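Have a look at the structure below before the remarks.
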Amino acid sequence: MTAGPVRTFTAVVLLVIVVCFDAGFLQTAFQVCRVCDGTLRNGTAVGDFCAARSGQIDGRCCLGTQAQVADSIIGLDLSNCSLKQVDDLHEATTAQMIDLSANPIFNLNDTLFQGFTQLQYLLLPVKLDCPGGNASWEKVETRGNVCLCEEQRNSCYQTGNISWDCPENSLCTPNGPSFFQCSCIDNHHGYKCLREGEFPMIEALGILGAATVLVSTLLWVTQRRKAKSI
């Protein structure tokens, strides 16, 4: 076999491996998409939302396209899944719509949707309240057995004025329903953004690296004494 065919064969094999790897990765990347059996269906709230945005269906998820956020969850349908509790949705922090309706859920953790800054439509069992309360949403209404929380409000402006809980030299940014975080402005860092100037990244990494080497050396010496000679 000459060099040309060998190279072609190698390239084809590598391409097949990459494609298979990517396909497997997409299938296992978001575990939350397979919490419930089945796939996202047309005619459902999230299904219609996904179709309108030309999203890609992956299990119970709608993934964003290149025009949106590639390979990220923009819609999640966990409705009618017999879920009694929901503990972790961190994989879906980029979701714009989440449907948890038709589930025997009794309550939700207050921090469950912390970090969900893009969430605009949340469907819940009618007995549950919207996270953060009605003040965290522009519109809250009941539709049959579904509580619809629509259009998340900016937590920094819920009282009509920007939050005064952030320290000086920082800015308030929303961080999910009723949550906000404070980010230091330029040239400020540290505790309550009191230190002026850029963060000493090189010095910090140097100290961290030296500490890691020191601890690793101590562990190696102490554990080596306990190791039995062969």
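Given the structure is predicted, the values throughout are model-derived calculations rather than measurements. Position 1 is the first residue of the sequence; numbering continues from there.
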Query - Any residue meeting side-chain hydrogen bond (donor to acceptor under 3.5 Å, both in side chains) with Asp88, in chain and number order, not counting sequence neighbours - result: His90
Report task. Kindly say whether Pro177 contributes a backbone atom to a donor-acceptor pair with the side chain of Ser155 at under 3.5 angstrom? Result -> no
Query raised in the report: What's the spacing between Ser101 OG and Leu83 CG if we round to 0.5 Å?
Result: 10.5 Å
Could you pull out every donor-acceptor pair under 3.5 Å between side chains of residues 38-52 and any protein atom, sequence neighbours left out?
from  : atom 1 : to    : atom 2 : distance (Å)
Thr44 : OG1    : Arg41 : O      : 2.7
Thr44 : OG1    : Gly47 : N      : 3.0
Asp48 : OD1    : Gly43 : N      : 3.1

Query - Partner set under disulfide (SG to SG under 2.5 Å) for Cys36, not counting sequence neighbours - result: Cys81
Requested in this report: Return the minimal non-hydrogen interatomic distance between Pro125 and Cys147, and the atom names on each side.
Outcome: O-CB, 3.9 Å
Report task. State whether the side chain of Arg195 and the backbone N or O of His189 hold a donor-acceptor pair below 3.5 Å, judged by distance alone. Result -> no
Query raised in the report: Say you draw a straight line from CG of Leu89 to CG of Leu108; how long is it, rounded to the nearest 0.5 Å?
Result: 9.0 Å
Query raised in the report: Is Lys127 positioned over the aromatic face of Phe106, cation under 6.0 angstrom from the ring centre and no more than 45 degrees off axis?
Result: yes
Report task. Check for a donor-acceptor pair, side chain of Glu150 on one end and backbone N or O of Lys139 on the other, with a separation under 3.5 Å. Result -> no
Query raised in the report: Any sub-3.5 Å donor-acceptor pair from Thr94's side-chain atoms to Gln118's backbone N or O?
Result: no
Requested in this report: Please indicate whether Glu141 has more than 12 foreign heavy atoms, meaning atoms of other residues, nucleotides or ligands, lying under 6.0 Å from its CD.
Outcome: yes
Query - Distance-minimising heavy-atom pair for Leu124 and Pro131 - result: CD1-CD, 4.1 Å
Query raised in the report: Can you name the closest pair of heavy atoms from Glu138 and Arg153 and give their distance?
Result: OE2-CG, 3.3 Å
Query raised in the report: Short question: side chain of Asp99, backbone of Leu78 - any donor-acceptor pair under 3.5 Å?
Result: no
Query raised in the report: What are the two closest heavy atoms between Cys184 and Gly190, and how far apart are they?
Result: SG-O, 4.4 Å
Report summary line: Those residues at least two apart in sequence (or on a different chain) that pass side-chain hydrogen bond (donor to acceptor under 3.5 Å, both in side chains) with Ser183 are none
Query raised in the report: If you look only at pairs with a residue in residues 206-219, which of them pass as a side chain to side chain donor-acceptor pair (under 3.5 Å), with sequence neighbours excluded?
Result: none
Query - Contacts of type side-chain contact (heavy atoms from CB on, under 4.5 Å), residue Thr93, not counting sequence neighbours - result: Phe116
Query raised in the report: How long is the gap from SG on Cys62 to CD1 on Ile73, to the nearest 0.5 Å?
Result: 10.0 Å
Query raised in the report: Backbone N or O of Val32 within a donor-acceptor pair of the Glu91 side chain at under 3.5 Å?
Result: yes
Query - Over all atoms of both residues, closest heavy-atom pair of Arg34 and Asp58 - result: NH2-OD1, 2.6 Å
